[in-house]
Q: 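Pasting in a structure now, in structure tokens, and then I'll have a few things to ask.
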Amino acid sequence: MTQESMPLSHIGWDSFNRLPVTEKAPYLAGSDGRVFHVLLAQQFNRAALDSLGGLATRIRRTAKTEEGMTFLRGLMANKRAMLYFTQPSSRTFLSFSSACQILGVNVGEVRDTATSSEFKGESQEDSLRTFSSYFDMIVMRTQVGGLAEHTAWVLSNTERPIPIINAGSGKDQHPTQALLDIYTLQRSFEARGGIDGKTIVFVGDLARGRTVRSLAWLLTNYTGVRMIFVAPEPLQIGRDILNLLDAAGVTYELASDFETTIPEADAIYMTRIQDEWDTTEGESRKIDTSRYHFRPEYLDRLGPHAVILHPFPRRQEIPTAIDHDPRAVYWRQMRNGMWIRAALMALIFKKERLIDGYYASVR
Ligand code: ASP
């Protein structure tokens, strides 16, 4: 996961902000070219995804024994992480805090600006800079698209330029969710030649779902992947993502009839309606989304090895009646989030050699 790096402190905010998303990665790497900030799906190539998945698996297996857990807990006992989650979160927050516990990282948290000095009028910039005085990394989820990038840039011009991990920013990106989705697909297709050549069907609110936007990009790293985006017209995926897919030479289709795409799918990625982004009262309710629910009878149309994913939270788009089907992998997907986030933090703090050494010594 090394690449040519360019210091973020050497570029002005406006120039960095204006760069195409595919050209930002070199500024987010450390001076040694390794992963440092994790802000965009566009930072990850195929080699990085393969090695991250491998590391997550070694951590997962190591954590199965008491001795292994003791080893892992000692790895980052001198590190502290600030979890700054000012937008609602269950899984991302809990999986990051669990991943921190696994690696022995001490955690501080802000989940509501009403309980921090932002309430007293402190700027977000000063608040985030304050965290960098006490912590060794900031994991942040905010309503504001691009704030994680801006924070990384601000801190790069201070004496404590600590890593920033984007745990969901506005409607634009959710890179660590996409990493756990890829890890889930890697594991699901392990015995079927991996992700290459598979058909992934995305369903639901693709216009405002940041997980879809990040995952669609990560899938461009695989050969022969076909993506089908199924949504009612107003919620279809954004042109900006399609332009990126065009530039990457990926095959995709836009569809509005969910049922007919089911037999073609190796994986179905369901999403909920993101009505928190409505700009007018009740806007989402005016759209008939019932045709984008996975009905129990659809299980008969789904291939025997296909899998159903969902970033959660779910609403009506997946009834609990299908949870028992072995192809419904969303509960496992959620747990994968903890392992991939542990692997990511271990990588940022250069612990993978120690993990690999321990892993080899006990096998
Ligand atoms: N939990 C995911 C997110 O934060 C998906 C969702 O909220 O629908 O984007």
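First listed ligand is number 1; within each ligand, the first listed atom is number 1.
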Q: So for ligand 1, is Glu276 a polar contact partner (N or O within less than 3.5 Å, distance only)?
A: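 Between Glu276 and ligand 1 (N or O atoms, distance only) the closest approach is not under 3.5 Å.
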Q: Name the closest protein heavy atom to atom 8 (O) of ligand 1, giving the residue it belongs to and the distance to 0.1 Å.
A: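 The answer is Arg272 NE, 2.8 Å.
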Q: Within the 4.0 Å heavy-atom shell around Pro313, which atoms of ligand 1 are there?
A: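 So the answer, numbered in order with elements, is 1 (N), 6 (C), 7 (O).
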Q: Would Tyr27 and Trp153 count as a close aromatic pair, with their ring centres under 6.0 Å?
A: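 No, the ring centres sit 6.0 Å or more apart.
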Q: Give me the ring orientation class for His310 and Tyr330: parallel if the planes are under 30° apart, tilted from 30 to 60°, perpendicular past 60°.
A: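 Judged by the thresholds at 30° and 60°, the geometry between His310 and Tyr330 is perpendicular.
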Q: Check whether any N or O atom of Arg210, backbone or side chain, sits under 3.5 Å from an N or O atom of ligand 1, and answer yes or no.
A: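 Among all N and O atoms of Arg210, at least one is under 3.5 Å from an N or O of ligand 1.
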Q: With a heavy-atom distance limit of 4.0 Å, tell me whether His174 approaches ligand 1 through its side chain, its backbone, both, or neither.
A: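 The side chain, only.
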Q: Salt bridge check: are Arg272 and Asp205 linked by an N-O gap of less than 4.0 Å?
A: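 Salt bridge flag = no for Asp205 with Arg272.
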Q: Has Arg363 got more than 12 heavy atoms of other residues, nucleotides or ligands less than 6.0 Å from its CZ?
A: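 Yes, CZ of Arg363 has more than 12 neighbouring heavy atoms, counting only those of other groups under 6.0 Å.
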Q: For Phe189, is the NZ or CZ atom of Lys198 found under 6.0 angstrom from the centre of its six-membered ring and inside 45 degrees of the ring axis?
A: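 Checked: cation-pi criterion met.
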Q: May I ask whether Gln274 places a heavy atom under 4.0 Å from ligand 1?
A: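 Judged by the 4.0 Å heavy-atom criterion, Gln274 does count as contacting ligand 1.
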Q: Just heavy atoms, cut-off under 4.0 Å: does Thr211 contact ligand 1 by side chain, backbone, both, or neither?
A: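 The answer is the side chain of Thr211.
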Q: When only distance counts, is Phe312 in polar contact with ligand 1, meaning an N/O pair under 3.5 Å?
A: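 Right, the criterion is met.
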Q: So, using ring-ring contact (aromatic ring centres under 6.0 Å, His included) as the criterion, who are the partners of Phe131 when residues are at least two apart?
A: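 Expected list: Tyr84.
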Q: Please verify the inter-ring angle class for Trp13 with Phe16; under 30° counts as parallel, over 60° as perpendicular, anything in between as tilted.
A: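 The arrangement is tilted - the two ring planes meet at 30° to 60°.
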Q: Which atoms of ligand 1 sit under 4.0 Å from any heavy atom of Arg141?
A: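 Going through ligand 1 atom by atom, the ones under 4.0 Å from Arg141 are 4 (O).
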